Asks: 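Quick one: this structure, given as structure tokens, is what I'll be asking you about.
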Amino acid sequence: MVAVIASDHAARGSTLTLREVSHRFDLEGQPLPVLDRINLQVGRGEFVALLGPSGCGKSTLLRLVAGLDTPTAGSLVTDGREIEAPDPSRVVVFQDPTLYPWRTVWSNVALGLEARGLLRTHRGRIEDALRLVGLTGFANAYPHQLSGGMAQRAALARALVNDPKLLILDEPLGQLDSLTRIAMQAELVSLWQRSSFTALLVTHDVEEALLLAGRVIVLSHRPARIKAEVVNSQPYPRHRGDPHFVELRREVFEQLGLDEAW
Amino acid sequence: MVAALTAFWPDKPENDWTYTGGFAIACGALAVAIAVAAFAGVRFAAFQRLKRLFPWLFALALFLAAWEVVTAKLGLLPLPFFPPPQAIVEVVIDDWGRLVEGIFASARLLATGYLIGATVGFVTGVAIGWSRLVGYWIHPILRFVGPLPATAWLPLAFFVFPSSFSASIFLIALATGFPVTVLTWSGVAGVKSAYYDIARTLGATQRFLVLKVAIPAAMPHVFVGLFMGLGNSFAVLVVAEMLGVKAGLGWYLQWAQGWAAYANMYAALLLMAFLCSGLITLLFRLRDRLLSWQKGLVRW
């Protein structure tokens, strides 16, 4: 899989630029602003985390990046092109794995290839993606037979099989137990390092953001504005107990207005 | 249990022997066959599964015996209306030509009407569930016309359509189509929007969303509709055959009653029961094949 991706794409990962992006919902006739003039620049192959209190509009921002919704104002550009509709080069892994219950793990992973008519030519990639997430033996299992962690791995494989240039992660580990979570965090980093797509992670877990991302964008309460940016240039794998890590974590908590409680 | 059954079973033929030879012999043969199977069951695993049926077979034998006793033997029930079992066997043997003809006529009518109704209902349901425009136009019609029992159309259908056969097909299709449409529609409308989001981010076209996301996700609902439609279609079939079509089991039923041939009536009823339950079983098999992924998700 890694080799396939590497040879397919010399220039891996896409760039992403958000210019003055604002968005609001209509709630029973009342406009509800969720995003307030977000400006963000993400470089090729970067791992950026969006951190904010729950309900602040992080997931809305990701839906805009994915092209599932269009912003009320502002523009989103990837690789020089405006984002108008979903595109398989930008794949989302949602908080809920949402595997199709009527398909086996194998054909769930095959979904993207099937949708684009590539199943016949790129069949082998499914096996590769399953191996990458450690689900080789479960190709013929149905989703309800998987544990939460395995289902999320399958969802990850379903995303990776499309060889994304931008992987959008919407709290993908949010529903996992803490042990599985720690293991999956390490796996995500190594997947990102090997495949070097650009990654955009939404989370409300400070440690997770700092463990995985090179840059943590701290968002305010709704309507979300960018409050601060914390750069973590530590090499991987990072350790939660490392003094510099602890210092960064304190800094982020401070930005979130939780310094006293901490 | 097996031993007890074998001990009891051979008793019955003796009971019948004095009344109708053929019936008794058949019963005896069946009993012996089952007894042999019961003995064999001790040794062969293949017969072990039959064991589950033994209490039922036993009860059935008791019922037949009781029937035999109250009709042929003691004459407790008035005769033309309640013939003994051997009279029904006699009808099946003597009048099999007409009965088989009836089965084929009924099956042909039912199959045509049901398939048309199910197909049209399914397509309409998907269209309403998927397209707002189609929903806008079809939904009120469905609301207004759908709840009307299909049999209410009977008088109209019989003079609008060129033949009673095509009229009956229309009625059966109508009776099948309504539940299939409504349930397919509610199935498609109830698909989680997250399923569509996933497929859309993976590059799915509208066609893919309908065929590979909406329809498979709606299938459990569709099957509920198909079952309800099948039930409805039986009712309409019999009514149509009794009132218009000059063939089929429903017509035979009516005809037999007209001649006070009650044994023929029971025979037709029995065959109809076999036909209907056979078709339901068939549909269950189809569901089990298509929806096997639901095993473990719902009580199967």
Side-chain angles (χ1 to χ4, degrees), chain A residues 59 62-69 83-105 107-119 122 129 140-146 154-164 166-170, chain B residues 122 125-126 129-130 132 180 183-227 283-300:
Chain A
S59 297
L62 284 201
R63 287 183 65 86
L64 297 180
V65 174
L68 288 168
D69 296 323
I83 296 174
E84 283 164 343
D87 188 277
S89 68
R90 281 173 272 124
V91 181
V92 191
V93 179
F94 292 98
Q95 180 174 15
D96 191 52
T98 14
L99 300 169
Y100 292 173
W102 60 89
R103 284 173 173 245
T104 60
V105 168
S107 43
N108 263 294
V109 174
L111 200 68
L113 298 178
E114 204 182 318
R116 288 188 288 155
L118 297 175
L119 192 53
H122 293 71
N140 294 320
Y142 279 99
H144 67 85
Q145 296 167 313
L146 304 180
L156 204 57
R158 180 180 60 190
L160 292 173
V161 86
N162 298 286
D163 193 8
L166 174 60
L167 188 64
I168 304 168
L169 301 155
D170 188 0
Chain B
F122 178 73
V126 172
W130 189 254
R132 253 169 234 276
V180 175
L183 277 142
T184 306
W185 160 45
S186 81
V188 170
V191 177
K192 284 201 252 174
S193 62
Y195 287 166
Y196 295 129
D197 285 347
I198 290 284
R200 282 172 63 203
T201 59
L202 295 177
T205 56
Q206 287 281 310
R207 193 184 138 83
F208 189 87
L209 290 181
V210 176
L211 295 179
K212 300 286 179 137
V213 184
I215 291 179
M219 263 342 238
H221 280 263
V222 174
F223 265 93
V224 176
L226 287 174
F227 277 109
L283 194 57
F284 263 113
R285 287 274 159 80
L286 186 68
R287 184 200 70 156
D288 291 355
R289 267 187 79 92
L290 285 177
L291 298 184
S292 61
W293 57 267
Q294 279 197 312
K295 274 181 195 167
L297 268 183
V298 295
R299 278 186 67 174
W300 194 245

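The chains referred to below are lettered A, B, ... by the order of the sequence lines, with proteins before strands, and numbering in each begins at 1. Note that the coordinates shown come from a computational prediction; the quantities given were computed from them, not determined experimentally.
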Asks: Tell me which of these, L68(A), V91(A), D87(A), has more heavy-atom pairs under 4.5 Å with chain B than the rest.
Replies: L68(A)
Asks: Please classify the contact of L99(A) with chain B as side chain, backbone, both or neither, using a heavy-atom distance under 4.5 Å.
Replies: backbone
Asks: Mind ranking L290(B), V213(B), T205(B) by heavy-atom pairs under 4.5 Å with chain A and telling me who comes out on top?
Replies: V213(B)
Asks: For a side chain to side chain contact (heavy atoms under 4.5 Å, CB included) check, start with the C-alpha distance between F208(B) and E114(A), then their side-chain angles and the critical distance, and finish with the verdict.
Replies: CA-CA 9 Å; F208(B) 189 87; E114(A) 204 182 318; 4.1 Å; yes
Asks: Quick one: which of P86(A), A155(A), S89(A) has the most heavy-atom pairs under 4.5 Å with chain B, could you say?
Replies: P86(A)
Asks: With rounding to the nearest 0.5 Å, note down the distance linking OG1 in T201(B) to CG in L62(A).
Replies: 12.0 Å
Asks: Indicate the atoms forming the closest heavy-atom contact of W293(B) with H144(A), along with that distance.
Replies: O-NE2, 3.5 Å
Asks: So if I apply the side-chain contact (heavy atoms from CB on, under 4.5 Å) rule between I198(B) and each of L111(A), V92(A), D96(A), N108(A), which one comes out positive?
Replies: L111(A)
Asks: Y195(B) versus chain A, heavy atoms under 4.5 Å apart: side chain, backbone, both or neither?
Replies: both
Asks: Quick check: closest heavy atoms across A115(A) and A204(B), and the distance to 0.1 Å?
Replies: CB-CA, 3.8 Å
Asks: Is Q145(A) in contact with chain B via its backbone, its side chain, both, or neither, using a 4.5 Å heavy-atom distance?
Replies: neither
Asks: Rounded to the nearest 0.5 Å, how far does CZ of R158(A) lie from CG of L202(B)?
Replies: 6.5 Å
Asks: Just how far is it from atom OH of Y142(A) to atom CD of Q294(B), taken to the nearest 0.5 Å?
Replies: 11.0 Å
